[in-house]
There are 2 protein chains.
Amino acid sequence: MAGTAEGDGTADEVLVWDRPERGARGPAPERNRGQLTEAAVRLADAGGLAAVSVRQVARELGTGPASLYRYVAGRDDLVDLMVDAATGEIDLGVALTGDPVADLVALAGRTHQVHLRHPWLVEVAPEAMRVGPRGLAYLEYALRALEPLDGLPGAAKLEAVAALNALVVMVSGAVLRARRAPTARQAAQARYLHAVAEGGEHPLLAQALADGTTEEPGGAALAGPGGGPRFARVVRRALTGLLAPDAPGGSGRATAAPPDTGSTAGPAPARPGGSG
Amino acid sequence: MAGTAEGDGTADEVLVWDRPERGARGPAPERNRGQLTEAAVRLADAGGLAAVSVRQVARELGTGPASLYRYVAGRDDLVDLMVDAATGEIDLGVALTGDPVADLVALAGRTHQVHLRHPWLVEVAPEAMRVGPRGLAYLEYALRALEPLDGLPGAAKLEAVAALNALVVMVSGAVLRARRAPTARQAAQARYLHAVAEGGEHPLLAQALADGTTEEPGGAALAGPGGGPRFARVVRRALTGLLAPDAPGGSGRATAAPPDTGSTAGPAPARPGGSG
DNA sequence: AAAAACTGCGATCGCCGTTCGCGGTTGTAA
DNA sequence: TTACAACCGCGAACGGCGATCGCAGTTTTT
């Protein structure tokens with residue numbers, strides 16, 4: 001009916017959250033999803049998301065790759081668990097002030113901190129929405145912050161939260177790139193850019209590069225505890241614009257994304273904001 | 001000298017653009033980078049970025065995987081070439097009106113169209129900046145559009161262009177996701193979201209989901225030739241905010257209040273280790 | 001004519017995600 | 001008590017991946 005291509009078999013229980021942690025009949029599992037998650041996060045914190053492979057996680061747990069499939073349907077589930085765990089690190093116990101913008105900016109600041117602590121969050125592909133239990137709590141909290149604005153339709157609120165999170169991901173990526181020592185590739189890219197700019201065919205680019213730094217623009221200014229003053233300014237402005245009550249058709253709707261997913265700032269055909 | 005870790009060997013010529021297309025002494029190559037690029041783009045258009053593997057491209061060209069390494073240093077170079085080729089599809093011959101915001105919004109619209117034509121652009125990891133020859137031309141054009149604003153420092157202009165492109169990528173992703181039939185995973189995610197919302201523990205979320213659609217919100221409204229009215233509105237607003245002359249990098253006109261998130265690495269009430 | 005630089009590419013390495021199937025364990029029903 | 005289905009741990013293996021090595025053949029330079 002609604003099935004796209006292959007139809008038979010149970011298409012249910014696709015997500016980790018829909019599958020039971022363990023069966024009821026067999027022997028007690030020697031491990032649990034929490035341990036897998038911990039190991040995966042540890043690997044990712046150290047070596048990026050690419051370091052999280054079924055094999056590596058298994059090694060970390062002192063077992064074979066095949067064993068993990070008793071706890072998880074595949075690598076994707078591992079990422080789901082990681083993202084939700086990181087989301088859980090965002091403090092949702094902070095009392096709301098009643099000012100939606102201020103509350104959401106503060107929430108964004110805390111989300112940003114988590115991104116700095118777990119840089120791999122920026123690497124998670126925004127292809128699919130990843131919302132687990134903690135993600136739901138996060139959304140509920142954000143919606144609670146937006147409750148004073150009862151003129152705004154719910155969909156628009158979710159849209160604002162999604163956009164806000166996308167912005168946080170973008171900024172976090174910039175800050176992280178500015179913070180880390182540049183890759184060989186990043187250095188080469190910077191060299192190439194300056195070399196060609198010097199060539200004379202791109203005068204405006206040359207000038208722009210001249211009075212800017214080589215590194216990621218804005219990165220340093222956005223850093224700092226709580227995100228720095230510039231972080232707050234950018235986030236506040238964007239949020240204020242998004243929440244401005246000027247939508248006549250009221251057809252505003254957008255994805256509600258968890259703090260981590262959300263479309264990240266991608267590789268637009270030409271983006272200067274790269275690396276240093 | 002400045003090398004980070006491993007020092008020997010030539011660390012130069014990391015990017016494709018720094019390496020000559022072919023040597024001068026040997027026999028004429030049977031293929032060229034343009035053909036590789038074409039094949040790779042063809043594969044990506046059909047099957048996403050994941051479909052672009054050294055092996056598949058080689059098969060497309062009727063040769064073995066090892067042969068490609070005469071034209072390209074690795075898969076990464078292939079992506080560089082693809083991105084630059086796509087960037088080249090953006091029409092930079094459009095005359096500028098003199099209104100920076102209008103000109104950049106129009107440019108963003110054309111960029112958006114290219115993203116719709118080559119959906120894999122959204123999948124390219126934003127980890128590293130990828131600017132080739134066409135990317136440079138794109139930047140120069142954008143800076144030319146921004147020339148009337150000579151009060152703005154060059155770095156701020158580049159930052160604005162970067163942010164604009166990030167926004168285009170984000171919106172393009174949303175539109176593409178709304179356009180395509182949902183994945184099994186996406187459907188499952190939506191089901192999970194609604195199911196839990198119905199549970200009663202997340203009343204605001206339930207309400208927000210109630211007056212929104214199940215699918216990716218905003219996608220439809222953002223679609224259409226030229227990006228649709230909503231696309232222009234969003235992009236224009238964001239851009240106007242970014243270009244607002246209130247001293248981004250210059251005099252330290254500090255913002256009123258940074259978020260009061262307080263402690264540097266503080267919150268984390270919930271650890272990832274907790275079992276289900 | 002010799003040497004050097006270059007191309008094409010089969011064979012191969014190590015890593016990846018995932019599946020199969022076996023022996024052992026546990027809960028439940030006959 | 002017995003039988004059996006459900007479950008756990010996991011070695012082995014499959015196919016695909018990016019990348020390297022080394023050799024035979026070709027073209028240019030000396």
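Letters A, B, ... are given to chains in the order of the sequence lines, protein chains preceding strands, and every chain is numbered from 1.
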With 3.5 Å as the limit, what N/O pairs link the protein to nucleotides 27-30 of chain C?
unit_1, atom_1, unit_2, atom_2, d
C/dG27, O4', A/Arg25, O, 3.3

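Regarding A/Arg70, its CZ atom lies at a distance of 12 Å from the P atom of C/dC20, rounded to whole Å. Between B/Leu36 atom CG and C/dG8 atom P there is a gap of 10 Å when expressed in whole angstrom units. Here C/dT7 presents its P atom at 13 Å from CG of B/Asn32, a figure rounded to the nearest Å. Between A/Glu30 atom CD and C/dG24 atom P there is a gap of 15 Å when expressed in whole angstrom units. Nucleotide C/dG17 holds its P atom 7 Å from the OH atom of A/Tyr69, rounded to whole Å.
Every residue meeting the salt bridge (Lys or Arg N to Asp or Glu O under 4.0 Å) condition with A/Asp76, not counting sequence neighbours, appears here in chain and number order: A/Arg130, B/Arg185. Under the rule for a ring pair (Phe, Tyr, Trp, His ring centres under 6.0 Å), B/His202 has no partner lying at least two apart in sequence or in another chain. Partners of A/Ala50 by side chain to side chain contact (heavy atoms under 4.5 Å, CB included), not counting sequence neighbours: none found. Judged as a side chain to side chain donor-acceptor pair (under 3.5 Å), and not counting sequence neighbours, the contacts of B/Asn32 are B/Gln35. Residues meeting the side chain to side chain donor-acceptor pair (under 3.5 Å) test with A/Glu30, sequence neighbours left out: none. Looking at residues two or more places apart in sequence or on another chain, you find no side chain to side chain donor-acceptor pair (under 3.5 Å) involving B/Arg25. Judged as a salt bridge (Lys or Arg N to Asp or Glu O under 4.0 Å), and not counting sequence neighbours, B/Asp91 has no contacts.
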Only pairs under 3.5 Å count here: list side-chain donor-acceptor contacts from residues 166-173 of chain A, not counting sequence neighbours, and write none if there are none.
unit_1, atom_1, unit_2, atom_2, d
A/Ser172, OG, A/His112, ND1, 2.9
A/Ser172, OG, A/Val168, O, 2.7

Name every donor-acceptor pair, under 3.5 Å, that has one atom in a side chain of residues 58-65 of chain A and the other anywhere in the protein, sequence neighbours excluded.
unit_1, atom_1, unit_2, atom_2, d
A/Glu60, OE2, A/Arg42, NH1, 2.8
A/Thr63, OG1, A/Ser67, OG, 3.0

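If you check every strand for non-hydrogen atoms under 4.0 Å, B/Ser53 touches sugar and phosphate atoms only. As judged by a 4.0 angstrom heavy-atom cut-off over every strand, A/Arg75 is placed among residues touching the sugar-phosphate backbone only.
With a cutoff of under 4.0 Å to any heavy atom of chain B, the contacted region of DNA chain D is bounded 5' to 3' by D/dC17 to D/dT29.
Scanning residues 58-66 of chain A for heavy-atom distances under 4.0 Å to DNA chain D yields A/Thr63, A/Ala66.
In this structure, a donor-acceptor pair under 3.5 Å is absent between the side chains of A/Tyr138 and A/Asp84.
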